[in-house]
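Worksheet: one structure, shown below.
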Amino acid sequence: MSGEHETALEGDEGRYDSELPFLHALERDVRRHARHAAAARQRAHSMRAERTTADQSSSHFKGDPKDDRHTRRRRVSPAGGRVARRSLALLALLSLVGASAFGAGRLLAGSGAPDPASVRQSAFATLATGAVGDERWSLRAYSRGSEQCRVLEVGDTESSRCSAALGRHSLSADSALSPSGRFLFGLAGATIRSISVRADGGSARTIRARTRALSRNAARATGMGGDERWYVAILARPIGEPDPPLRIQGLDRRGRPTGATLLNCPETGEPSRCSR
């Protein structure tokens, strides 16, 4: 009978979430302990019945029924009952936990909410490398889900950012600071062939930098559309003064402005947090 119960329990494994296999094993152990406790209680009951019969037979000769009742009360042990009740309570709690975990998983799967573990990430593609003095730098790109990501490494410093896929007339602008300069980098839409960079305030001159198309291998590795472009502009840093915000404007092939002007702050690299 024990083997049949184990087989039925193995077939019942699908009640629990596949990511919580320990629940099935725990229930199996609880059921096994409960059966052992029930068997022990049955044996104790049989032994008590045999002893009661023997005591009744001997009391016929001793004539002491009070001692016989006292003996029967003393020999009854509630330990088996307590173990069985605790096993059943633990089994009920186990079933509740398993059902809650399984239901939560089903609810999350059916709600349409994104599962962080299922977000796909492409391979990294190196777009450019170079050196400024003794510092080497590299620009890489990759895709994460529906986002486009870029990573700039300068010496021992790494700056990375992900954002939604760009339109044909938009661009991203991120910056990283190093002793050798201020690195402005990002991705750009297909119509943006260059960018103009101007420091906010003062009489700083405007700097222009070309954008370059992703290579076929980079587009294939990152899963991007292939129309995206990239750029890196290296600016000298002011001496004895804080790094100013930068205004970045995309330009088409004729040098005409296209898309919105971005403002990049060195403290955060996030245009939305710059003070205008």
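Starting from 1, each residue takes its place in the sequence as its number.
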Discussion item. Walk me through whether R237 and L177 qualify under side chain to side chain contact (heavy atoms under 4.5 Å, CB included).
Written reply: CA-CA 9 Å; R237 299 182 62 184; L177 301 178; 3.9 Å; yes

Worksheet item: Are any side-chain N or O atoms of T211 and backbone N or O atoms of R229, one a donor and one an acceptor, separated by less than 3.5 Å?
Response: no

Worksheet item: Which atoms form the tightest heavy-atom contact between P238 and P244, and what is the distance?
Response: CG-CD, 4.2 Å

Discussion item. Quick one, Q249 with R247, criterion side chain to side chain contact (heavy atoms under 4.5 Å, CB included). Give me CA distance, side-chain angles, the key distance, then yes/no.
Written reply: CA-CA 7 Å; Q249 175 66 61; R247 292 187 180 273; over 6 Å; no

Discussion item. Within the 4.5 Å heavy-atom criterion, are L166 and E228 side-chain neighbours or not?
Written reply: no

Discussion item. Working to the nearest 0.5 angstrom, can you tell me the gap between S159 OG and E153 CD?
Written reply: 10.5 Å

Discussion item. Just verifying a value: how many Å separate S138 OG and L152 CG, rounded to the nearest 0.5 Å?
Written reply: 7.0 Å

Item to complete: Write down the atom of S175, the atom of C265, and the distance for their closest heavy-atom approach.
Response: OG-O, 4.0 Å

Worksheet item: A164 and Q148: which non-hydrogen atoms are nearest, and at how many Å?
Response: O-OE1, 4.5 Å

Worksheet item: Below 4.5 Å, heavy atoms only, C-beta onward: do S160 and C149 meet side chain to side chain?
Response: no

Fill in: Exam field: side chain E241 to backbone I239, donor-acceptor pair closer than 3.5 Å
no

Worksheet item: Is W137 reachable from L127 through a run of hydrophobic residues whose side-chain heavy atoms are each under 4.5 Å from the next?
Response: yes

Fill in: Pairwise distance CG(L139) to CZ(R150) - rounded to 0.5 angstrom
10.0 Å

Fill in: hydrophobic_cluster_shared for V232 and I207, side chain cutoff 4.5 Å
no

Item to complete: Rounded to the nearest 0.5 Å, what's the gap from CZ on R198 to OG1 on T261? Could you check?
Response: 9.0 Å

Fill in: Side chain proximity check, V197 to R182, heavy atoms < 4.5 angstrom
no

Practice prompt. Mark yes or no for whether R208, through its side chain, and T206, through its backbone, hold a donor-acceptor pair below 3.5 Å.
Written response: no

Worksheet item: Quick one: CD on E158 to CG on D156, what's the gap to the nearest 0.5 Å?
Response: 11.0 Å

Discussion item. I want to check something: taking the side chain as every heavy atom from C-beta on, are L263 and D200 in contact at a cut-off of under 4.5 Å?
Written reply: yes

Item to complete: Would you list the pairs meeting ring pair (Phe, Tyr, Trp, His ring centres under 6.0 Å) in which at least one residue belongs to residues 215-235, sequence neighbours left out?
Response: none

Discussion item. If you compare all heavy atoms of S178 against all heavy atoms of F183, which two are closest, and at what distance to 0.1 Å?
Written reply: OG-CE1, 3.5 Å

Discussion item. Count I, L, V, M, F, W, Y as connected when their side-chain heavy atoms are under 4.5 Å apart, and connections chain through other members. Are I195 and L235 then in the same cluster?
Written reply: yes

Item to complete: Verify side chain to side chain contact (heavy atoms under 4.5 Å, CB included) between R161 and S172, making sure each step is shown before the conclusion.
Response: CA-CA 10 Å; R161 189 75 181 275; S172 64; over 6 Å; no

Item to complete: Without swapping roles, check the side chain of T191 against the backbone of R168 for a donor-acceptor pair under 3.5 Å.
Response: yes

Practice prompt. Under the salt bridge (charged side-chain N to carboxylate O under 4.0 Å, His left out) rule, collect the residues that match up with R144, sequence neighbours excluded.
Written response: E147

Item to complete: Find out if a path of hydrophobic residues (ILVMFWY) with successive side-chain heavy-atom gaps under 4.5 Å connects I192 to L251.
Response: no

Fill in: Donor-acceptor contact below 3.5 Å, side chain R256 vs main chain R253
no

Fill in: Hydrophobic cluster identity match, L187 and L171, side-chain contacts under 4.5 Å
no

Practice prompt. Using a 4.5 Å cut-off on heavy atoms from C-beta on, say whether the side chain of Y142 contacts that of V151.
Written response: yes

Item to complete: Taking all non-hydrogen atoms of both residues into account, name the closest pair between L246 and A199 and its distance.
Response: CD2-CA, 3.8 Å

Discussion item. Donor-acceptor pair, distance only, cut-off 3.5 Å: does the side chain of S143 make one with the backbone of T222?
Written reply: yes

